Amino acid sequence: MGVKGFVEGGVASIVAGCSTHPLDLIKVRMQLQGESNAAAVQTLRPALAFQTTTTTTIHHPLPPPPPPRVGPVAVGIKIFQQEGVAALFSGVSATVLRQCLYSTTRMGLYDILKEKWTDPDTKTMPLNRKIVAGLIAGGIGAAVGNPADVAMVRMQADGRLPADQRRNYKSVFDAIKSMTRSEGVTSLWRGSSLTVNRAMLVTASQLASYDEFKEMILKKQLMKDGLGTHVTASFAAGFVAAVASNPVDVIKTRVMNMKVEAGKAAPYGGALDCALKTVRAEGPMALYKGFIPTISRQGPFTVVLFVTLEQVRKLLKDF
């Protein structure tokens with residue numbers, strides 16, 4: 001397979017990423033709803049605090065009630081009305097770079113591992129090996145593509161900030177340059193542990209389940225190896241990937257988007273701190289915030305990804 005697997009996966013990923021970018025942007029905006037309340041949550045009083053002879057009553061002002069949550073259609077309409085149609089493609093340059101780095105790497109590595117671990121006699125690969133291959137490929141791909149991922153999240157979220165607080169990045173390269181200059185090189189890998197964890201979950205569930213669903217459909221002769229099989233298997237794989245990755249994706253988005261100012265404590269001390277504050281302020285279902293746009297994006301993305309991949313493979317089969 002070699003280099004061809006990377007090229008095939010890269011082309012398919014770029015086509016899928018660009019075509020579903022507006023859905024991804026809406027998902028990011030929804031995941032950030034209610035974030036200011038989560039970041040403001042204070043640590044709870046210890047359960048085993050010792051009593052003292054004097055009691056001091058401290059009145060803390062109650063945090064403002066969270067703004068009403070709106071659905072993906074309302075979010076999309078609001079972006080269109082307030083920021084224009086072009087805003088739906090904010091950060092698309094970062095999406096292209098992310099797909100070139102992250103998806104090209106994970107798709108190519110998965111194909112290499114799949115080729116090595118496939119049984120030469122039965123021409124099949126056990127599900128557990130597919131999952132392991134996905135975990136490895138996804139983790140390495142995410143580590144490579146994290147700078148583009150951070151830039152993409154910030155560019156997509158910029159429109160929700162007040163005008164005087166917006167970063168106004170001109171392109172993904174401007175975003176990376178600005179972050180490096182103002183926050184240091186390490187800011188490009190902010191939230192990298194979350195990115196790697198999410199990518200491992202997505203790649204393992206998405207690629208492994210696609211292969212598994214496709215093999216099952218062909219084995220049971222439900223459909224022939226064609227467009228119908230590819231669409232069915234890829235949509236099922238997209239649903240599995242969305243369920244597995246959404247909680248990590250919410251935390252990743254918030255950690256990457258947080259604004260760290262000199263001399264002030266960061267809104268979140270890390271992934272676990274962000275998860276705890278989010279759950280305390282908004283409830284455990286907040287980890288599935290944006291799930292509808294996630295599955296609305298993950299489904300079409302996965303369908304376009306694998307349908308395009310199968311077509312590119314046909315075009316390049318003689319190379």
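For clarity, every value in this text was computed on a predicted model and none was experimentally measured.
Between the side chains of Q99 and T104, no donor-acceptor pair is found at a separation under 3.5 Å. One side chain, R106 or T203, offers a donor N or O that lies under 3.5 Å from an acceptor on the other.
Between K114 and D111 there is no salt bridge, since no side-chain N of the basic residue sits under 4.0 Å from a carboxylate O of the acidic one. Under the 4.0 Å criterion applied to side-chain N and carboxylate O atoms, K130 and D211 are not assigned as salt-bridge partners. E83 and R29 are joined by a salt bridge, as a carboxylate oxygen and a charged side-chain nitrogen come within less than 4.0 angstrom of each other. For R98 and D149, the salt-bridge test passes: some basic side-chain N is under 4.0 Å from an acidic carboxylate O. Between E8 and K314, no side-chain nitrogen of the basic residue sits less than 4.0 Å from a carboxylate oxygen of the acidic one, so the salt-bridge criterion is not met.
Using a 4.5 Å heavy-atom cutoff, the side chains of Y210 and V240 are not in contact. Put simply, the side chain of N246 does not reach to within 4.5 Å of the side chain of Q298, judged on heavy atoms. Side-chain contact between E310 and K214 is present, with at least one heavy-atom pair separated by less than 4.5 Å. Between S171 and D174, the closest side-chain pair of non-hydrogen atoms falls below 4.5 Å. A 4.5 Å side-chain heavy-atom check between I112 and F6 finds at least one atom pair inside the cut-off.
Atom CD of Q221 is surrounded by 12 or fewer heavy atoms from other residues, nucleotides or ligands within 6.0 Å. By the neighbour-count criterion of 12 heavy atoms within 6.0 Å, atom CZ of F239 is sparsely surrounded, having that number or fewer from other residues, nucleotides or ligands.
L101 and L188 end up in the same hydrophobic cluster when Ile, Leu, Val, Met, Phe, Trp and Tyr side chains are linked at under 4.5 Å. In the hydrophobic clustering of ILVMFWY residues, with side-chain heavy atoms under 4.5 Å counting as a link, V303 and L227 come out together. Residue M107 is not grouped with residue V3 when hydrophobic side chains (ILVMFWY) are merged at heavy-atom distances under 4.5 angstrom, including chains of intermediate members. The hydrophobic clustering, which links ILVMFWY residues whose side-chain heavy atoms are closer than 4.5 Å, places Y102 and L109 apart. Note on L309: it does not cluster hydrophobically with L315, by side-chain heavy-atom contacts below 4.5 Å among ILVMFWY residues.
In this structure, T308 contributes its side chain and L305 its backbone to no donor-acceptor pair below 3.5 Å. Side chain of D158 to main chain of R166: no donor-acceptor pair is present (N/O by atom type, distance under 3.5 Å, no hydrogens or angles). Looking at N146, its side chain never comes within 3.5 Å of a backbone N or O of T195 through a donor-acceptor pair. Without hydrogens or angle criteria, R129 side chain to W117 main chain gives a donor-acceptor distance under 3.5 Å. In this structure, the side chain of T229 engages the main chain of K224 through a donor-acceptor pair within 3.5 Å.
Taken to the nearest 0.5 Å, the CZ atom of R154 stands 5.5 Å off from the CE atom of M179. Residue S296 holds its OG atom at 9.0 Å from CZ of F291, rounded to the nearest 0.5 Å. If you take NZ on K177 and OH on Y169, they are separated by 13.0 Å, rounding to the nearest 0.5 Å. The CE atom of M152 sits 11.0 Å away from atom OG of S93, with the distance rounded to the nearest 0.5 Å. Summarising the geometry, atom CZ belonging to F301 is positioned 8.5 Å from atom CZ belonging to F306; distances are rounded to the nearest 0.5 Å. For the atom pair D273 CG and T278 OG1, the distance stands at 9.0 Å (nearest 0.5 Å).
The minimum heavy-atom distance linking A204 with A208 is given by the pair O-CB, 2.8 Å. Nearest heavy-atom pair, M200 versus L135, reported as atom, atom and distance to 0.1 Å: CG-O, 3.2 Å. Minimum heavy-atom separation, G270 to V255: O-CG2, 4.3 Å. The minimum heavy-atom distance linking V150 with R190 is given by the pair CG2-O, 3.6 Å. Here the closest heavy-atom approach between residue A241 and residue Q206 is recorded as CB-CB, 4.0 Å. Scanning all heavy atoms of the two residues, the minimum distance from S245 to V202 falls at CB-CG2, 3.4 Å.
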Worked verdict on I176 versus L97 for side chain to side chain contact (heavy atoms under 4.5 Å, CB included) | CA-CA 11 Å; I176 291 173; L97 181 61; 4.1 Å; yes
| request: Apply side chain to side chain contact (heavy atoms under 4.5 Å, CB included) to K289 and E282, showing your working. | output: CA-CA 10 Å; K289 186 172 285 186; E282 304 167 61; 2.3 Å; yes
Test log, rule side chain to side chain contact (heavy atoms under 4.5 Å, CB included), inputs K252 and V153
CA-CA 9 Å; K252 175 185 78 74; V153 167; 4.2 Å; yes
Practice item. For T124 and T118, run side chain to side chain contact (heavy atoms under 4.5 Å, CB included): C-alpha distance rounded to whole Å, both residues' side-chain angles, the deciding distance at 0.1 Å, then the answer. Key: CA-CA 5 Å; T124 59; T118 296; 5.7 Å; no
Quick one: side chains of residues 12-22, donor-acceptor pairs under 3.5 Å with protein atoms, not counting sequence neighbours, listed by atom name and distance.
from	atom 1	to	atom 2	distance (Å)
S13	OG	G9	O	2.7
S19	OG	V15	O	2.9
S19	OG	A16	O	3.1
T20	OG1	A16	O	2.8
H21	ND1	T95	OG1	2.8
H21	NE2	S90	O	2.7

